[in-house]
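Taking it in order: structure first as structure tokens, then the write-up.
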Amino acid sequence: MSISNIPAGIHNFNAGPSVLPHTVFEQAAQAILDYNGSGLSILELGHRTSAFEAVMAEARSLVKALMNLDEAHEVLFLHGGATTQFMQVPMNLLDDKETAAYTDTGVWGAKAIKEAKLFGKAEVVCSSRESNYTYIPKDFAVPNDARYLHITTNNTIYGTQWQTIPHTSNVLVADMSSDILSRVLDFNRFDLIYAGAQKNIGAAGVNLVVVNRNILGRIKRPIPTIMDYRNHIREGSMLNTPPVFAVYVCLLTLRWLKAQGGVAVMEQLNNAKATLLYDTLDSLPIFRGTVNKEDRSKMNAVFVMDDPALETAFLDVCKAAGIVGIKGHRSVGGFRASMYNALSLDSVTVLTGLMKDFAQRRG
Ligand SMILES: *Cc1c(COP(=O)(O)O)cnc(C)c1O
């Protein structure tokens with residue numbers, strides 16, 4: 001389970017864009033200079049060439065295999081970040097007078113709700129907003145006639161994560177931008193999954209979308225050509241020029257993931273990292289986690305100190321040790337350690353070592 005991913009001395013805890021395997025950087029750099037000995041850069045390769053069609057096909061089949069998807073689930077690589085999906089999902093699934101159920105568990109979920117309201121009724125079935133999103137709501141009901149239920153599986157900013165996926169008879173839609181392929185789930189239970197690539201699967205500029213084709217084509221609204229999932233399925237994500245380089249970086253990351261042993265191995269590694277970080281946090285009173293323990297995210301750990309001067313001092317210690325991206329999001333403050341797939345256990349060991357040392361000296 002050891003991952004060699006250490007550009008000397010840097011430990012990248014950025015929330016996104018974020019750490020990727022070092023081998024991916026090397027291969028991507030090589031492909032910019034000369035793609036597979038073709039004499040051409042990946043950046044100047046036509047997307048309708050057999051060389052790029054092979055990239056797209058392999059990326060698609062790796063996603064299918066890594067997620068264990070059944071025949072009904074289609075894999076798409078689309079332009080734009082997850083934010084585009086906030087609009088594209090309701091545009092494809094929700095008619096004017098219909099209702100969709102949304103869970104309000106963070107800023108990203110709230111943004112998805114705002115967009116859905118442009119297309120139909122977005123009913124908020126639960127919310128933890130009043131506590132600044134420190135927990136995942138457990139008891140809520142979804143109206144039977146809701147066209148779909150939308151959840152954000154991992155709340156990147158606040159550091160909460162759905163540990164169990166709600167059982168629902170409704171169509172299930174998930175924003176998995178910050179925990180896609182980080183843990184074993186029954187992905188076939190979801191009818192639509194979307195994820196901006198820049199947190200766990202590649203470079204910014206492309207979305208992974210997994211969609212059950214049976215949920216499409218049921219609404220009356222005319223959908224603009226480029227927004228209609230069915231057109232992208234038909235054209236194999238090549239309705240227009242795809243983000244060629246971003247897709248290629250996804251392919252390299254997916255190959256790396258498979259070589260590590262797949263999602264189950266990632267989950268073990270992510271569990272080990274999160275356990276080390278949270279156990280350290282809980283053993284040091286100078287640091288304080290900000291969310292419900294049972295809802296803690298294994299991808300983004302958020303914690304604070306009660307004294308702002310100490311927070312500044314600890315940030316300086318981190319910086320001196322080569323730790324980057326640890327400063328918390330402005331809406332929470334303190335610290336956020338993002339521990340995506342490609343972050344090594346070594347990096348977390350360095351961080352927790354600094355935390356213990358700091359607590360001993362300043363606690
Ligand atoms: C980062 C993030 C987004 C926004 O992604 P963009 O690619 O910037 O549009 C949406 N949802 C979640 C859960 C995120 O972590």
Side-chain angles (χ1 to χ4, degrees), residues 12-20 76-91 102-116 118 122 126-129 132-137 148-163 165-166 172-183 185 187 190 192-210 226-227 242-243 245-247 249-250 253 270 274 291 295-302 325 327-332 336-343:
N12 183 1
F13 287 86
N14 269 322
S18 43
V19 62
L20 289 173
L76 303 172
F77 291 91
L78 305 182
H79 285 274
T83 306
T84 306
Q85 294 305 310
F86 296 164
M87 143 186 82
Q88 197 164 356
V89 166
M91 191 185 276
Y102 275 77
T103 55
D104 176 27
T105 58
V107 159
W108 297 118
K111 287 187 177 180
I113 293 165
K114 176 167 176 264
E115 298 305 297
L118 298 172
C126 63
S127 174
S128 48
R129 177 188 292 248
N132 202 26
Y133 298 118
T134 52
Y135 66 97
I136 299 287
Y148 59 88
L149 169 67
H150 180 281
I151 67 172
T152 311
T153 50
N154 184 70
N155 296 282
T156 327
I157 293 175
Y158 306 91
T160 62
Q161 189 173 26
W162 293 78
Q163 305 305 342
I165 303 302
L172 183 58
V173 177
D175 176 358
M176 285 195 196
S177 292
S178 52
D179 67 351
I180 185 100
L181 295 172
S182 71
R183 56 174 168 165
L185 291 175
F187 294 104
F190 297 85
L192 198 153
I193 295 168
Y194 61 92
Q198 69 272 20
K199 283 152 190 156
N200 248 335
I201 38 178
V206 65
N207 266 320
L208 172 64
V209 174
V210 171
I226 193 72
M227 285 291 132
F245 186 63
V247 173
V249 177
C250 284
T253 311
N270 291 329
V291 304
D295 301 323
R296 281 173 165 175
S297 165
K298 292 186 171 134
M299 293 284 98
N300 315 91
V302 176
K327 196 171 167 29
H329 189 275
R330 62 188 179 282
S331 60
V332 186
R336 171 172 52 174
S338 297
M339 303 176 284
Y340 299 120
N341 285 347
L343 185 87

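Side chains included, hydrogens not; waters and symmetry mates left out as well; all remaining heavy atoms used. By convention here, the first residue in the shown sequence is residue 1. Both counts, for ligands and for their atoms, begin at 1 and track the order of listing.
Counting only heavy atoms of the protein, atom 11 (N) of ligand 1 lies nearest to Asp175 OD2, 2.6 Å. Protein heavy atom at the shortest distance from atom 15 (O) of ligand 1 is Thr156 OG1, 2.4 Å. The protein heavy-atom contact nearest to atom 5 (O) of ligand 1 is Ala82 CB, 3.6 Å.
Interface of Ser178 with ligand 1, defined as ligand atoms under 4.0 Å from a residue heavy atom, comprises 15 (O). Atoms of ligand 1 found under 4.0 Å from any heavy atom of Thr152, numbered from 1 in the order shown, are 13 (C). Residue-ligand proximity, Gly81 to ligand 1, at heavy-atom distances under 4.0 Å covers atoms 6 (P), 7 (O), 9 (O).
Neither the backbone nor the side chain of Tyr194 comes within contact range of ligand 1; no heavy atom lies under 4.0 Å.
Panel note: side chain Arg336, backbone Tyr158; no donor-acceptor pair is recorded below 3.5 Å. A donor-acceptor contact shorter than 3.5 Å is absent between the side chain of Asn300 and the backbone of Ser338. Side chain of Asn154 to main chain of Asp179: no donor-acceptor pair is present (N/O by atom type, distance under 3.5 Å, no hydrogens or angles).
When only interatomic distances are considered, the shortest N/O to N/O separation between Thr84 and ligand 1 does not fall below 3.5 Å. In terms of N/O distances under 3.5 Å, ligand 1 is not approached by Gly196.
Distances from ligand 1 to the non-hydrogen atoms of Thr153 include no value under 4.0 Å.
The aromatic rings of His150 and Tyr194 sit tilted, their planes meeting at an angle between 30° and 60°.
Exactly one residue among Met227, Glu115, Gln85 makes a side chain to side chain contact (heavy atoms under 4.5 Å, CB included) with Met91. That residue is Met227.
For the pair Lys114 and Trp108, the cation-pi test (distance below 6.0 Å, angle within 45°) is failed.
Between the choices Met299, Lys199, Gln198, the shortest heavy-atom distance to atom 14 (C) of ligand 1 belongs to Lys199.
For the residue pair Tyr133/Asp104, the side-chain donor-acceptor check at 3.5 Å is satisfied.
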